[in-house]
Amino acid sequence: MSFRPPKGTDDLLAPRSQSWREALGLWEDWSARYGYPLVMTPVLEATELFERGVGETTEVVTKQMFTFTDRGGRSMTLRPEGTAGVVRAFLASGGQGPWKGAYSGPFFRYEQPQGGRRRQFWQLGVEYLNVESPVADAEVIELGYRYLETVGVADLELVVNTLGDPSCRPAYVEALRRYLDERRQLLSPESARLIELNPLRVLDSKTDRPHLDDPPRMTDFLCEPCARHYDGVKHLLDTLEITYTEDLSLVRGLDYYTRTAFEYVGRGLATAQNALGGGGRYDGLSELLGGPPTPGVGFALGLDRIILSAGKEPGSHLDAYLVYETDVTEAVVVASRLRRTGTRVDFDGEGRPVEAQFRMAARLDVPVVLVYRGSDLPVEARASGVSHEMGLDEVPEWVRRSRDT
RNA sequence: GUGGCCGUAGCUCAGCCUGGUAGAGCGCCUGGUUGUGGUCCAGGAAGUCGCGGGUUCGAGUCCCGUCGGUCACCCCA
């Protein structure tokens, strides 16, 4: 049989996997700082959840889902996005009042693989439910922004827009539809088809955007509450000193979005696929699923592209490599002591010659090589060509200090 | 779903146009040198040429199909 992973999936091994470990660690940290507890929902959901939640006319639902019939005859789907599942879980738990959740895990879309886009991909996200205030929007946007900054994304840009709500959007959609209809000849067949189905998405098309000068603006149609909400979000972002640009053609691909829509873009990415993540407000989603009115706002970030964009060389997964001139059993004990005090250390388990151990240390590119010669002798710690001698007990602290510098 | 390019040793690739029985660099292994690994020298192991079919006396090389990768479109995080 072939050892190749399925199309659009990938094996992630060291040293590349170390970048993921670091990025996931930072995510744990940042989402916790903003008060988002972990929420874990199934990777597998009833197909109906996404059809109703994400929208039956969306690209995701019509073409990109991994859907199959299980042995009980139910139509099941590997989750293509996170929000619908989290909201379902919230409703299932009888959730009430303000609620927050952060998630991280694999998602699936049946698409043509491309730079930073695989069929199985990893997303980080948060959802903030039952708070209608712009404070929730701004907090969510800020969290994603700070995280991406910290993880090292080059040329991070935040784009925001508003999509109105059911009381004002229909008038805008109608105006846009008339505008597009007059230009039908200029549009690609796909976009022409969208005029009836979902004219907003035509604005998102790369090929058609150049033909569309001065289309109607959502901001001219906003009802008073939506306008005030949008101003509130922008004001808070200003206060938090988060720079953003407004883009009237920023439309989310999924049906459930209302009011705020935003996207994080990595301008440093070489590929055409430079959206690192996006999100928005989805006040109507709960009701689409048959639940009570539940406002919400959240985002999802694509970890694959984030790591591409950060372009950082992963650090070593070890603090030190232990070279021993003693019996291997003694090395087991020494390594155990170091590990229990927080040092990430590894050693040769087969009692191979010292030269071979040094070769392995070099190959692993560890920052520190520890040479252990026996319980009565000092440990030699070598880092970047310099050698220090110390007692075994001093090693963890010494390693920690040299790691931080 | 559509189109371009690509698939040869563990890795990066040459060989393909103009068919004739497979190569380089790096890595790996062994020996020597060395300041107990990183340098240098010598030697060595290693390839279903993605897979299947066709043309041919003969296919890595030409043709068809297929799978995979990559980039772009579509779309999306």
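Hydrogens, waters and symmetry mates play no part in the numbers below; they use all other heavy atoms, side chains included. First the proteins, then the strands, lettered A, B, ... as listed; each starts at 1.
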Fit a plane to each ring of [X] and [Y], take the angle between them on a 0 to 90° scale, and name the class: parallel (under 30°), tilted (30 to 60°) or perpendicular (over 60°).
X         : Y         : value
Tyr264(A) : Phe262(A) : perpendicular
Tyr282(A) : Tyr257(A) : perpendicular
Tyr128(A) : Tyr36(A)  : perpendicular

* To do: Would you kindly check whether a donor in the side chain of Glu325(A) faces an acceptor in the base of rU36(B), or vice versa, at under 3.5 angstrom?
  =>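 Flag set: donor-acceptor pair detected.
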
* Asked: Do Arg117(A) and rC75(B) share a donor-acceptor pair, side chain to base, under 3.5 Å?
  ->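 Yes, a donor-acceptor pair under 3.5 Å.
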
Could you please name the partner base of [N], counting Watson-Crick and G-U wobble pairs only when both distances are under 3.5 Å?
N       : result
rA22(B) : none
rU2(B)  : rA72(B)
rA42(B) : rU30(B)
rU66(B) : rG50(B)
rU61(B) : none

* To do: Kindly confirm whether the side-chain ring of Phe121(A) is stacked on the base of rA77(B), judged by centres under 5.5 Å and planes under 30°.
  =>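 So Phe121(A) counts as stacking on the base.
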
* Can the ring centres of Phe107(A) and Trp122(A) be said to be less than 6.0 Å apart? ->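 Between Phe107(A) and Trp122(A), the centre distance exceeds or equals 6.0 Å.
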
Look at the side chain of [X] and decide which nucleotide, out of [options], has an atom nearest to it.
X         : options                   : value
Gln64(A)  : rC76(B), rU2(B), rC75(B)  : rC75(B)
Val354(A) : rA77(B), rU36(B), rG69(B) : rU36(B)
Glu59(A)  : rC75(B), rC73(B), rU36(B) : rC75(B)

Euclidean distance for [atom1], [N] against [M] (whole angstrom):
N       : M       : atom1 : answer
rG38(B) : rG23(B) : P     : 31 Å
rG58(B) : rG53(B) : P     : 15 Å
rU21(B) : rU55(B) : P     : 23 Å

Roughly how many Å is it from [atom1] in [X] to [atom2] in [N], rounded to a whole number?
X         : N       : atom1 : atom2 : value
Lys7(A)   : rU70(B) : NZ    : C1'   : 11 Å
Leu13(A)  : rG10(B) : CG    : P     : 16 Å
Leu303(A) : rC76(B) : CG    : C1'   : 16 Å

* Side-chain N or O of Gln114(A) closer than 4.0 Å to phosphate OP1/OP2 of rA72(B) ->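 Checking Gln114(A) against rA72(B): at least one side-chain N or O falls below 4.0 Å of OP1 or OP2.
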
* Arg201(A) side chain near rC76(B) phosphate (N/O to OP1/OP2, under 4.0 Å) ->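 Yes.
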
Students often get this wrong, so: under 4.0 angstrom with heavy atoms, is [X] touching a base, only sugar-phosphate, or nothing?
X         : result
Ala361(A) : nothing
Leu276(A) : sugar-phosphate
Gly125(A) : nothing

* Asked: Between Glu127(A) and Lys100(A), is the closest basic N to carboxylate O distance under 4.0 Å?
  ->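 Between Glu127(A) and Lys100(A) there is no salt bridge, as every charged N stays at least 4.0 Å from the carboxylate O atoms.
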
* Just wondering, more than 12 heavy atoms not from Met40(A) lying within 6.0 Å of its CE? ->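 Counting neighbours around CE of Met40(A), 12 or fewer heavy atoms of other residues, nucleotides or ligands fall under 6.0 Å, so no.
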
